Structure formats: structure tokens, C-alpha cells
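Read the structure below first, then the notes.
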There are 2 protein chains.
Amino acid sequence: MFTVVIADDHSLLLEGLTQALDGIPDITVVGTAKDGKELLELVAGAKPDVMLVDIEMPRLSGISALARMEDAPPAIVVTMHTSDEQRRKAEAAGAVGFLSKSTPLPDLAAAIRAAARGEDLMDVTNLAAVLDEHRDPVLDAGAASLTGRERELLSLLASGMSRTEDLAETLFISQKTVKNHLASIYEKLAITDRAQAAVEAIRLGLHRGGPD
Amino acid sequence: MFTVVIADDHSLLLEGLTQALDGIPDITVVGTAKDGKELLELVAGAKPDVMLVDIEMPRLSGISALARMEDAPPAIVVTMHTSDEQRRKAEAAGAVGFLSKSTPLPDLAAAIRAAARGEDLMDVTNLAAVLDEHRDPVLDAGAASLTGRERELLSLLASGMSRTEDLAETLFISQKTVKNHLASIYEKLAITDRAQAAVEAIRLGLHRGGPD
DNA sequence: CCCAAAATGGGTCGCCCGCCCTATGGTTGG
DNA sequence: CCAACCATAGGGCGGGCGACCCATTTTGGG
């Protein structure tokens, strides 16, 4: 599980991105800041694995805030205008990554995992290849071993279908097979019933179809 | 339930805001666009209640896209730099609202509800007062009539606590009272068991404490 | 001050759910 | 080629859960 703090003065991006990243099963946002000074306090308190930092912020810019930190977690600068000039400043301030706000969310997630593991995302000529290596969410052992059919079942549970009969008819299998799959799910996720399964399914992002 | 489309060329804002708004029980994002042309196609297809439109976008700006539409849903322009000049252009293009990207998420939600109901958010001197009138999410009759204790129970369910005994001990009441509360919840939300209750609880945003 | 709603608690009953054991055919990778 | 795994399916059993009945006390708004 990777912990992240986000610093950005635009509330909509800040709160939106927080929600989006929290929706990724192996990433948690542990704090947010609206300017550089808040970021300094935040990082001093909760020690996150990675920082996401915007450049333009009131009171103290992201670049300046980074430059003031010692012994700080790896920082990814997320900015709107990706000029070489700003890239150079970000690198000088100690950032390990430099991404546009037009970066797709999965790429950002991969960048967070890469940065948390000590990768340098600045000097890379083929950034895409590095990101691809960290594209898969790091799930706990149980969730990673779920089979296709088990994920389908969880997806249905997450959409509010709970009765064995309905699940069986939807998947065109017998009620007994549904119960067998559920038992496997309970064991893998260390839970005991379909209410907990529904919660886990949503946490794992298995609602809304999922990867089919 | 208010349906919304969002147009913004910054993926992180677009995907983040989508997640955040979908997390609000009475708001659903039915489509997103990365430029003005996509927005035109999108609005022609799915008819949303409200459009959220950024100004600076490739191919076709938000302002230009709005100006080309006829018979379009109310549009709220969401921009980074709130100059009077851009505000004037937005109004001329037919926007009913003009908000900064620094607007807090609850304010944006209130603005969406207000716009969907035909309010004009441009000419208002006391915007805050208008937003306050639309601050409460419009819940379906069932969810709105939930009592405090029932919300507490749902919150626990959403956090993965499903056994009657655990719920009873956590709330310091008898197991029978837990079952009575659950029965009330089932009736109000038109559901039948605690798996569905957990799904609904999360959808209603009752996980993470909720309004205490 | 009163009445309605909320919160608490009890009983019963039948069914479904979770748990344990077994089994078979298909696919795949070592 | 065989072991491992997946998907499929059945039986039995006990207990928890949902449905329907009820009662008492507290709380709060009109």
C-alpha cells in the first residue's frame, strides 16, 4: 500500500484526484495541502511514500517547498505547462518525476509506484516503458489470486445483486457453483459473508464492469 | 439525480473530478470530453442536465463550443484564471455559471444542482447564498428518511462489519435492536439484506464517518 | 403538554447462507 | 504426460438472518 500526499491550490483537482487515487486499491491519500507551507507541515507530520506537487501555488511554490526539504520522500511534480525551463527547475529542487496534468490516471498511478520504489522518472528517455513495469496494482496476496469467475461474482455483488438464485441465473450456472465460488472468495479475502464481499469488491474497484 | 458531462483537456482533473462527483449520491457523470469537438458530440448524444466546461482546450475551446450549441443544457464554465474578460466571454457564449477551479467540491455540487434547476449563477452578487440553498444532496425518499441510528449502522456495514453480534457490541445495544434497525433500513431503501445495504451505504457516502 | 417518531427490546419461524466433503471434465504449463 | 488449477455440480448440517408479530421508554416538535 503506497501512501501519498497531494499539494495543489485548485480544490477541484485536489479533491478530485484524492478521490480518484483512493479508488485505486494499493494507493491511499494521507493528506492534502493547498500551498507550499501547508505541504511542509504535512510532510513533517505524516511521512508519505510519495508527494505529488503542483508548481504554481500561493504563499510558497511547489518548487520552493521541495528545495527547502531535507530527507523528504520522493516528489513527483505535476504541472499544467510542461516547459523545459520548469522541468529543469523541478529537477534542481530534487523532484524525481515531472508529469503533465494531462497524464492519464493509470500512468500517474504507475509513476507513484515507481517513485515509491526509488525509480528516477526524470532522466528516462522511454518513460512509457518504465511506467508499464509498474502498471499493475500491488494487491494483497488474496485479491491477486482471484480467478476470473470469482471477479465476475464480486462485480455482481458490488452492483447490489446478493441472492444466490439471481447470481446463478445471471452467470448461467447452478446455485451450488455460486456458493462454491463464494466460499473460495471468502477464503482468499479472509472474510466470511457476502456483505463483506460487497465492500471488498467495491474497494478493489470491481464495480463498473472492471477489466473484462 | 442530476446528470453531468465534463469537458477538460487535463486528464487528471477530468478523471479525478468524475470520481469525486460520482461519489455524490445525487450526481452522476454520464460522459467526459477532452476538447470542444468531443463535447459537441457528447452533448448531442447523451442529454445531460448540466455541462461543466473548461475554457482552454485543444482543437476547439470551451467558449467556442458553447457558442456553437443551440438548445443545449445549462453550462458552468470552470476555469483556472477568473479574469473579467473571460467571464464576459463565457456569459456571451451562453454559460449560466462561472467558477474557479479553486472552488470547493461541495460548492461545485451546489452549483450543479442550482444550474440544473434553472438558476442563473452569473449575475448573482451573493453567490454564496444561492449555493447554500442547494447545498443539500437531493436524496431519494427512502435515503432521506433514514434516522441517525440507522445511518450509524449503515456506516459500520460499509466498513465491513456484518455480523449482528459485532454490530450490537459496537453500538452498545442488543442484537435484537440491531435486527430491528436493519429491518427498517431494508424497508426504507427497498432492499432485502445486509449485502445490498453495504452497497447502498457506500453509494450514499456513509463510509468514512459521514456527517456526525 | 401531548402525540409522533425514534430507539430499545422480546419472541417465533422458516429458509437461506456459510461450512465441510466429494466429484468430474477441461485447460494449461512444466 | 501428468500435475495443478479452474469451473462445474451435488449432499448434508447447523446456525444466522430476514419477515412478521408485538411492547416500552425516550425524545422532540408543534
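What you see is a predicted model; the values in this text were computed from it and never measured. To find a chain, count down the sequence lines: A is the first, B the second, and so on, and within it residues start at 1.
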For K176(A) and dG18(C), what is the distance between atoms NZ and P respectively, to the nearest whole Å?
11 Å
Taken to the nearest whole Å, CG/L171(A) to C1'/dA9(D) is 15 Å
Give the minimum heavy-atom separation between S162(B) and A195(A), together with the two atoms involved.
CB-CB, 3.8 Å
Exactly one of L121(A), L131(A), D107(A), I76(A) should register a side chain to side chain contact (heavy atoms under 4.5 Å, CB included) with L99(A). Which one does?
I76(A)
Applying salt bridge (Lys or Arg N to Asp or Glu O under 4.0 Å), run through E165(B) and R163(B) and close with a yes or a no.
CA-CA 5 Å; E165(B) 187 181 348; R163(B) 286 177 50 226; 2.8 Å; yes
Report the end-to-end axis angle of the helix from dC1(C)-dG30(D) to dG30(C)-dC1(D); each axis comes from five terminal pairs, and the value is rounded to 10°.
60°
Within residues 178-186 of chain B, residues whose heavy atoms come under 4.0 Å of DNA chain D:
K179(B), Y186(B)
Nearest-Å distance for atom pair NZ/P, residues K188(B) and dA19(D):
15 Å
Taking 4.0 Å as the cut-off, does a side-chain nitrogen or oxygen of T147(A) come that near to OP1 or OP2 on dC5(D)?
no
Check K47(A) against T3(A) and note the closest heavy-atom contact, atom names and distance.
O-OG1, 4.1 Å
Can S174(A) and T177(A) be said to form a side-chain hydrogen bond (donor to acceptor under 3.5 Å, both in side chains), step by step?
CA-CA 5 Å; S174(A) 81; T177(A) 303; 3.2 Å; yes
Assert: residue with more 5' nearest nucleotide on DNA chain C, out of S145(B) and F172(B), is S145(B)
Given dC17(D), is OP1 or OP2 found less than 4.0 Å from the side-chain N or O atoms of T164(B)?
yes
Is there a donor-acceptor contact under 3.5 Å linking the side chains of T164(A) and R194(A)?
yes
Length of the CG-C1' vector between L157(A) and dC17(C), whole Å
13 Å
Can you check the R163(B) CZ to dG18(D) C1' distance for me, whole Å?
18 Å
Among dG18(C), dG12(D), dC17(D), which nucleotide has an atom closest to any side-chain atom of R194(B)?
dC17(D)
Does any part of the side chain of V50(B), heavy atoms only, come nearer than 4.5 Å to the side chain of P73(B), both counted from C-beta?
no
Measure CD/Q175(A) against C1'/dG10(D) and give the value in whole Å, please.
13 Å
Hey, are K101(A) and D8(A) close enough for a salt bridge, meaning a charged N less than 4.0 Å from a carboxylate O?
yes
Separation of dC20(D) atom P from E187(B) atom CD, nearest Å, is 9 Å
M51(B) side chain near L66(B) side chain, heavy-atom distance below 4.5 Å:
yes
Rounded distance (nearest 0.5 Å) linking atom CG of L52(B) with atom CG of L12(A)
8.5 Å
Nucleotide nearest S174(A) when distance is taken to its side chain, options dG11(C), dT8(D), dG10(D):
dG10(D)
Can you tell me if the side-chain N/O atoms of R149(B) get under 4.0 Å from OP1 or OP2 in dT8(C)?
yes
From the set dC20(C), dA19(D), dG11(C), return the single nucleotide nearest to any side-chain atom of T192(B).
dA19(D)
Which whole-number value in Å describes the distance from L153(B) CG to dA6(C) C1'?
14 Å
